[in-house]
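The next block holds one structure in the form of C-alpha cells; read it before the comments.
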Amino acid sequence: MSAISNIMTCGGRREPAVNCIDKKNLDFGLNWRATSSRTRISMPFQKNEFQLGTEGKSSRGNKEKRSIRMALVDERVVYGRDTAGRPAVLAYDLVQVPLVKWGSVTGKSKPDPPTAVLLHGILGSRKNWGTFTRRLAQEFPAWQFLLVDLRCHGDSASIRKRGPHTVASTAFDVLKLVAQLRITPRVLIGHSFGGKVALSMVEQAAKPLAQSVRVWSLDATPGKVRAGGDGEDHPAELISFIRKLPKEVFSKRDIVNALIQEGFSKDIAQWVVTNLKTNGPPGSPSSSFSWMFDLDGISEMYQSYEETNLWKFVENLPQGVHVNFLKAERSLHRWALEDLQRIHAAEDLAAEEGAGVEMHVLEDAGHWVHADNPDGLFRILSSSFQGFKA
C-alpha cells in the first residue's frame, strides 16, 4: 500500500490558494462557471487528457488551451508535490494498494481507479481517517482514497486561505484539489463539519454531473446544528477555550488537565492534543509544542457550520446524486424529530427524480463514529464500494 502525500503551498509561496486555480464553479464534470476571467476544467478525461482552457471576457475568440497528459503514479511515497508535479491547494494523502492501476500516459490503457474522498470535522485532520482508510483500501483494492486536511487544519493550516472561512469555501478548496489531481470522485464521506462540506461540493458542482456520486454525511444534518446537552462537549465552547491557551505549549499533559478541569471529557482532551506538533527539526528532541491549526479561521468555519442550511439542496437533488445520512445512536449532536421527518420525506422525493436519499443509524456509537464503532461503520459504508473489482 502506498500513500502519496503533499504539503506544499500554492505556487510554492504562502499566499491564497485561490490564485492557483481561478474562480468557481467546479463539478465532477469538472466545469468552471465564472463571470469575467474564468477557467474551465473538464473531466472525466478523453484519452486520459486534462483539458484546461482560459477565457477572458473580452477575448472569446482567443481561447488559450492546454492539454496535460496524465502522469503515471508509481508505488513510492511522494512528498512536496502532487502527482502532476504541481503545488497543491490542500495537504492530502492519496492511499492506494498495489492493485490500483492508473491510466497510461499513452492514453490507451486502463481507466482511472474509482476514488473516495474522506473529510474530517472541526479541529480534526486527515489523520483521523488513517486507520479506517487503510482497512477500506485492503478490503476494496480497486479503489483509491483521498484524505484531505481542510483549510485551517493540519498541514493545510500553513497554506494561507482567503476568507471568508465557510462551509462553501472549504468545499470549493476540495473541488479545486480533485481538479488539480485530475480525479473524479465517486464517493464523498464527511464527518460532522465534513458532512456539510461534502454536500456543498455537490451543490456547487455544475450540472449534470459527469457520473453518479454517493455522499455520506456522518452524524451531521443538512441544517441546524444542535449541540449536546448538559455534561456533553460543545464544539463552540471548546474552540473558545483553546483560543485562550498559549500558542507554545510545554506539556501535553498540562493541556489535557486544563481541558478536563474546564469541564471537557477526557476523550476530547486527549484528542485535542493530537493537534500539537513538536517544535524543531523532525526527529530531534524538543521541549515545546505548537498548535497545528488556525483557530481564528476554525472559529469562523464552525460558525458557518451552524448557519449553513443545505435542506433545499437535499430536497431537490439532481439526477445521479445519492445522499446517505448516518446518525450515531449516542450522538453529541442532537437529531430532532424534524430532521428525521424531512430526511424521510426527501427519500420519497429523490426517488421520483432519479436520485436517492437514505437514513442510517449506527448503533453503539457517539459522535466519533469511526472511533466508537468502526466495524459497524465499515459494514454500512461498504455498500458504496462493492461492485468494483481489481
Side-chain angles (χ1 to χ4, degrees), residues 1-6 77 90-100 113-150 153-156 174 177-178 183 185-199 201 213-220 267-268 270-275 292 322-333 358 360-388 390:
M1 186 184 302
S2 68
I4 299 169
S5 180
N6 179 57
V77 178
L90 296 169
Y92 68 88
D93 289 327
L94 187 60
V95 179
Q96 306 166 324
V97 295
L99 290 178
V100 168
T115 304
V117 178
L118 292 94
L119 308 172
H120 61 79
I122 287 290
L123 295 176
S125 75
R126 68 188 192 273
K127 294 178 181 178
N128 297 159
W129 282 112
T131 301
F132 192 85
T133 300
R134 287 191 289 273
R135 181 177 177 182
L136 284 172
Q138 291 169 354
E139 182 70 20
F140 304 105
W143 285 73
Q144 62 183 7
F145 301 86
L146 180 65
L147 312 184
V148 180
D149 278 346
L150 301 176
H153 290 76
D155 290 320
S156 292
V174 185
L177 178 63
V178 298
I183 284 173
R186 299 194 185 191
V187 174
L188 303 174
I189 301 172
H191 173 242
S192 194
F193 175 86
K196 274 192 178 178
V197 172
L199 290 172
M201 285 177 65
V213 61
R214 299 182 71 90
V215 181
W216 288 86
S217 179
L218 306 182
D219 213 34
D267 288 343
I268 291 296
Q270 292 176 334
W271 169 71
V272 166
V273 297
T274 64
N275 288 290
M292 293 182 65
H322 192 109
V323 175
N324 297 268
F325 292 99
L326 183 141
K327 175 188 179 299
E329 185 179 37
R330 297 182 282 103
S331 175
L332 297 177
H333 301 278
E358 286 187 58
H360 308 262
V361 176
L362 180 61
E363 297 179 351
D364 193 27
H367 184 61
W368 308 101
V369 291
H370 41 323
D372 290 346
N373 187 357
D375 292 340
L377 181 62
F378 185 86
R379 286 192 296 271
I380 292 174
L381 292 180
S382 292
S383 61
S384 290
F385 302 103
Q386 293 167 350
F388 291 89

Taking C-beta and beyond as the side chain, do [X] and [Y] meet within less than 4.5 Å on heavy atoms?
X	Y	answer
Val148	Arg126	no
Met201	Leu188	yes
Phe385	Glu139	no
Leu377	Leu218	yes
Asp93	Thr133	no
Leu381	Phe132	yes

Closest contact, heavy atoms only, [X] versus [Y]:
X	Y	value
Gly366	Asp372	N-OD2, 2.8 Å
Pro141	Val97	O-CG2, 3.2 Å
Gly121	Ser192	CA-CB, 4.5 Å
Val369	Ala328	CG1-CB, 3.8 Å
Ala142	Pro114	O-CD, 3.3 Å
Ser217	Gly195	OG-CA, 3.7 Å

Quick one: pull up [atom1] in [X] and [atom2] in [Y] and give me the separation to the nearest 0.5 Å.
X	Y	atom1	atom2	value
His360	Trp216	NE2	CH2	3.5 Å
Thr115	Trp143	OG1	CH2	7.5 Å
Ile380	Asp375	CD1	CG	11.5 Å
Leu150	Leu123	CG	CG	11.5 Å
Trp368	His191	CH2	NE2	5.5 Å
Leu136	Leu118	CG	CG	7.0 Å

- Verdict with reasoning, Leu146 to Leu177, per side-chain contact (heavy atoms from CB on, under 4.5 Å): CA-CA 10 Å; Leu146 180 65; Leu177 178 63; 4.2 Å; yes
- With sequence neighbours excluded, tell me which residues meet ring pair (Phe, Tyr, Trp, His ring centres under 6.0 Å) with His153. His120
- ring pair (Phe, Tyr, Trp, His ring centres under 6.0 Å) with Phe325: which residues, sequence neighbours excluded? none
Between the side chain of [X] and the main-chain N/O of [Y], is any donor-acceptor distance below 3.5 Å?
X	Y	answer
Ser156	Leu90	no
Glu329	Ala365	no
Asn373	Glu363	yes

- Query: Is any NZ, NE, NH1 or NH2 atom of the basic residue among Asp219 and Arg330 found under 4.0 Å from an Asp or Glu carboxylate oxygen of the other?
  - Reply: no
- Just checking, any donor-acceptor pair under 3.5 angstrom between side chains of Asn128 and His370? no
- Message: Considering only residues two or more places apart or on different chains, which pairs with a residue in residues 378-387 satisfy salt bridge (charged side-chain N to carboxylate O under 4.0 Å, His left out)?
- Response: none
